[in-house]
Amino acid sequence: MGWSRPGRTRPGSLGAMSETRPESSEPVRTGVAEVDAVLETVEALDDVPVAEHPPVFEAAHEQLRRALDGAH
């Protein structure tokens, strides 16, 4: 399986992503406090320079791993 040509998708594949979000979209919440806290942190990155995103994503990844490991 290789890369597909732009504008073409295979059956069952995701379409092109967009950087615009619907105006009516509400924040996603899971009901799991630890996960929802991470989501809020990541959502706050909208107003932060991209150069500052990596450490936030690394911390979010670690927090999500801990939350999921504790879910067993």
Side-chain angles (χ1 to χ4, degrees):
M1 229 177 254
W3 293 93
S4 62
R5 293 183 188 157
R8 292 187 179 175
T9 58
R10 289 177 278 123
S13 67
L14 298 175
M17 293 180 70
S18 170
E19 292 197 21
T20 59
R21 124 177 40 160
E23 293 299 321
S24 64
S25 70
E26 295 195 18
V28 174
R29 294 297 174 256
T30 65
V32 178
E34 296 90 348
V35 174
D36 290 344
V38 172
L39 290 174
E40 290 175 11
T41 302
V42 171
E43 288 166 351
L45 289 176
D46 284 348
D47 300 322
V48 176
V50 172
E52 297 176 27
H53 289 196
V56 175
F57 282 122
E58 289 171 6
H61 181 249
E62 182 59 32
Q63 292 167 339
L64 289 172
R65 287 185 64 120
R66 275 188 267 138
L68 292 172
D69 285 345
H72 298 297

Would you be so kind as to tabulate the donor-acceptor pairs closer than 3.5 Å made by side chains of residues 30-37, with sequence neighbours excluded?
| unit_1 | atom_1 | unit_2 | atom_2 | d |
| --- | --- | --- | --- | --- |
| T30 | OG1 | V32 | N | 3.0 |
| T30 | OG1 | D36 | OD1 | 2.8 |
| D36 | OD1 | T30 | N | 2.6 |
| D36 | OD2 | G31 | N | 3.0 |

Indicate the atoms forming the closest heavy-atom contact of V28 with E43, along with that distance. N-OE2, 4.0 Å
Without placing hydrogens or testing angles, list every side-chain donor-acceptor pair under 3.5 Å for residues 47-59, not counting sequence neighbours.
| unit_1 | atom_1 | unit_2 | atom_2 | d |
| --- | --- | --- | --- | --- |
| H53 | NE2 | L45 | O | 3.3 |
| H53 | NE2 | V48 | O | 3.0 |

